[in-house]
Amino acid sequence: MKPVLDLVTKFGPARIAAMAAVTLTLIGFFAFIILRVSRPDMGVLFSDLSMQDSSAVVRELDSRGIRYETRGDTGQTIMAPRADLAKLRMDLAGKGLPTQGGVGYEIFDKGDAFSSTNFVQNVNHLRALEGELARSIRAIGRVQAARVHLVLPERRLFERDRENPSAAIVLKLMGDLDAGQVRAIRHLAASAVEGLKPERVSIVDERGRLLADGARDAESDGASGYEDRQVTLERRLRGQIEDVVAGIVGPGRARVQVNAELDLNRIESRSETFDPESRVVRSAQTRTESALTGNADGQVSVGNELPGANGADKAPAPKDATNKNEETTNYEISKVTKTEIAEGGRIKRLSVAVVVDGVYATAADGKQAYTPRAPAEIERITALVRSAVGFDKARGDQIEVVNLRFAEAPSVPQFAEPTLMQALLTPTKEDVLRMAELAVLALLTLIVLLTVVRPLIRQVLAPMPAAPSLAGPGMGGALDAAAITGAGAGTITVVERDNPTARLMEFAKINGQVQAETVQRVVDMVRASPSETVEVLRGWIQEE
């Protein structure tokens, strides 16, 4: 320990304090840098959370011992290590978190139903119904979040005073919804609420676009339905044509446009057709009559009543016989009654335009050479397009397939993974932010080293100030501004003096003390080692 104590004594309290300050500063600063650099990269786990969802998610993360950060005044944004985001989202989704702030029928599981008023029960029922509808709508694809607002008027005594309920739905989408999905959402809400009609449901997305208008009349809604049907038909036909053509010319090498004209007239016709050749006996009736007319025998007359009259003497008179046959046959003629109702939206005419690119081949010089397609191939593509769209010449359909060279050259797909240099040249947003953070930390470290650590180290390593030199014949120096006084054997004290005479007197006194101490040390050395002293003296005598 003696060398250590000598070193500490040599440095002095001021230098030791400076060295301790430098050491603590370096340890603290580099500990901060190491913790900052080694901190895991944080990403957004959930955003736009309600306070209930935020507290539930935070409790779950605390129970798992996962480091997290919260952003926002109410903690609506939660950050977690980016490498664990996917796993955390799946685990939390398995536990029903977050619930998106929706309250369903479980609201009735809380609270005392006996002490609740009728108003509170109605409000809770409305909240529960809105929450359940929002949960059902979120189950549809491309719907990330949903909020439902229901307007249920109070029941009136008279039917003429009753108002129809309405609904407003706000959706947060991941993409776009087609017309069929919008109609499905409207019918879902209408079927879940008593008395609500689909045309009374308004739907708005997070960008403020009106997907369904619940305030327009039935005619406007029908016209919009026809437009949606036309757009859906054109999109479907275009997809079918692109699937067929892309399999021949390659993906992205064909452009298809479809124009469908729809007949919006609703036609209702009735007709009756009689077939005279098709007769069926409905009924047959036969009637036969027979009549016989004779003479006047047995008739009461004056001649017969006279005396002596004898009717037997007279000759018999001739008789008349009459026969009558009558037959009636009724026939039923076949009749066809037909009623036809043709709803609007029938295809009136189709116009299809298809542009296909040519064939590209690599020439000997490595450049792409363009070659038009053969007319026979264009004819086969045209025939396939006609079959795909249901071409009808009598309807006036028109299909044109043209081979033209596209403006851009075909790109060769690259499936190779990017190299390290490519990854460095094309950094992501997170990589740029991370590199900027590291650059700021490195710059801060350099500034601290140059402005704080370096001066402290220079002060510690600076040489100690030299003691005042002694002037005299035996010391080879001069005493400038201090006089040395002896306060006892082995003790030297530097005292400032202004008088040169006093300074010289003090020097002479100290010089004598030093010489006496030197002589005494020599005597002690001779007494301790007499043989070595004799050898030294002999050596001095033998020197020339």
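Computed from a prediction, not measured in an experiment: that's the story for all the values here.
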Could you go through residues 376-386 and list every donor-acceptor pair under 3.5 Å that involves a side-chain atom there, pairing it with any protein atom two or more places apart or in another chain?
residue, atom, partner, partner atom, Å
Glu377, OE2, Arg373, NH1, 3.0
Thr382, OG1, Ile378, O, 2.8

Closest heavy-atom pair and its distance - Gln240, Ala388
OE1-O, 3.3 Å
Please assess Phe46 against Thr77 for the test side chain to side chain contact (heavy atoms under 4.5 Å, CB included), listing each intermediate value before the final yes or no.
CA-CA 6 Å; Phe46 295 110; Thr77 301; over 6 Å; no
I'd like to know if Arg238 pairs up with Glu234 as an ion pair, taking the criterion as any Lys NZ or Arg NE/NH1/NH2 lying under 4.0 Å from an Asp or Glu carboxylate oxygen.
no
A side-chain contact here means heavy atoms from C-beta on lying under 4.5 Å apart; do Ile169 and Ile185 qualify?
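In short, these two side chains touch, coming nearer than 4.5 Å.
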Asp62 vs Arg67, test: salt bridge (Lys or Arg N to Asp or Glu O under 4.0 Å). Steps then yes/no.
CA-CA 8 Å; Asp62 288 336; Arg67 184 176 179 179; over 6 Å; no
Apply the test side chain to side chain contact (heavy atoms under 4.5 Å, CB included) to residues Val182 and Asp178: give CA-CA distance (whole Å), side-chain angles for both, the deciding distance (0.1 Å), then the verdict.
CA-CA 6 Å; Val182 174; Asp178 55 17; over 6 Å; no
Polar side-chain atom of Asn122 near backbone of Asn118 as donor-acceptor pair, under 3.5 Å
yes
Can you name the nearest heavy-atom pair linking Leu211 to Leu177, along with the distance?
CD1-CD1, 4.5 Å
To the nearest 0.5 Å, tell me how far Leu92 CG sits from Leu88 CG.
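Those atoms lie 6.0 Å apart.
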May I have all residue pairs that pass ring-ring contact (aromatic ring centres under 6.0 Å, His included) and include part of residues 370-405, sequence neighbours excluded?
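Sorted result for residues 370-405: Tyr360-Tyr370.
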Which heavy atom of Met79 sits nearest a heavy atom of Arg71, and at what distance?
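Closest heavy-atom pair between Met79 and Arg71: CG-CG, 4.0 Å.
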Flag side-chain contact, heavy atom, 4.5 Å: Glu400 against Val352:
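Counting from C-beta outward, Glu400 and Val352 never come under 4.5 Å.
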How far apart are the C-alpha atoms of Val193 and Leu150, what are their side-chain angles, what is the distance that settles it, and do they pass the side chain to side chain contact (heavy atoms under 4.5 Å, CB included) test?
CA-CA 9 Å; Val193 180; Leu150 297 177; 4.0 Å; yes
Quick one: do Lys87 and Asp91 make a salt bridge, cutoff under 4.0 Å?
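Result for this pair is yes, salt bridge flagged.
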Inter-residue atom distance Lys335.NZ - Thr273.OG1, 0.5 Å rounding:
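The NZ atom of Lys335 sits 10.5 Å away from the OG1 atom of Thr273.
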Report the distance from atom CZ of Phe406 to atom CZ of Arg255, rounding to the nearest 0.5 Å.
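Rounded to the nearest 0.5 Å, the CZ-CZ separation comes out at 4.5 Å.
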Heavy-atom check, side chain of Glu199 versus side chain of Arg186, under 4.5 Å
yes
Could you walk me through whether Leu237 and Leu350 pass the side chain to side chain contact (heavy atoms under 4.5 Å, CB included) check?
CA-CA 10 Å; Leu237 293 178; Leu350 283 178; 3.8 Å; yes
For Ile267 and Arg346, work out which heavy atoms get closest and say how close.
CD1-NH2, 3.7 Å
Are Arg147 and Leu133 packed together at the side-chain level, in the sense that at least one heavy-atom pair is separated by less than 4.5 angstrom?
no
Can you tell me how far the OG atom of Ser191 sits from the NZ atom of Lys197, to the nearest 0.5 Å?
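The NZ atom of Lys197 is 14.0 Å from OG of Ser191, to the nearest 0.5 Å.
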With the threshold set at 4.0 Å, does a side-chain nitrogen-carboxylate oxygen contact exist between Arg270 and Glu268?
yes
Interatomic spacing from CG in Leu61 to CZ in Arg64 - rounded to 0.5 Å:
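One gets 7.5 Å once the value is rounded to the nearest 0.5 Å.
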What I'd like to find out is whether the side chain of Glu206 reaches to under 4.5 Å of the side chain of Leu173, using heavy atoms alone.
yes
Can a salt bridge be assigned to the pair Asp205 and Arg142 using a cut-off of 4.0 Å between side-chain N and carboxylate O?
no
Determine whether Asn403 and Pro372 make a side-chain contact, defined as any pair of heavy atoms from C-beta on separated by less than 4.5 Å.
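Touching, per the 4.5 Å side-chain cut-off.
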Side chain Gln257, main chain Val354, donor-acceptor under 3.5 Å
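Not confirmed, Gln257 side chain does not pair with Val354 backbone.
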Is there a side-chain contact between Val44 and Leu85 (heavy atoms, below 4.5 Å)?
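In short, these two side chains do not touch, never coming nearer than 4.5 Å.
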So, do Lys172 and Val143 sit near enough that their side-chain heavy atoms are less than 4.5 Å apart?
no
Could you pull out the closest heavy-atom pair between Ala146 and Leu171, with the gap in Å?
CB-CD2, 3.7 Å
Check this for me, if you would: do Arg349 and Glu261 make a salt bridge, where the nitrogen-to-carboxylate-oxygen distance has to be below 4.0 angstrom?
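So Arg349 pairs with Glu261 through a salt bridge.
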Minimal heavy-atom distance between Leu233 and Arg236, with the atoms involved, is CD1-NH2, 2.9 Å
To the nearest 0.5 Å, how far apart are CD1 in Ile78 and OG in Ser54?
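Interatomic distance, Ile78 CD1 to Ser54 OG, rounded to 0.5 Å: 4.5 Å.
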Judged by atom type as modelled, is there a donor-acceptor pair below 3.5 Å linking the side chain of Arg89 to the main-chain atoms of Leu45?
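It does hold such a pair.
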Would you find a donor on one side and an acceptor on the other, under 3.5 Å apart, between the side chain of Ser63 and the backbone of Glu60?
yes
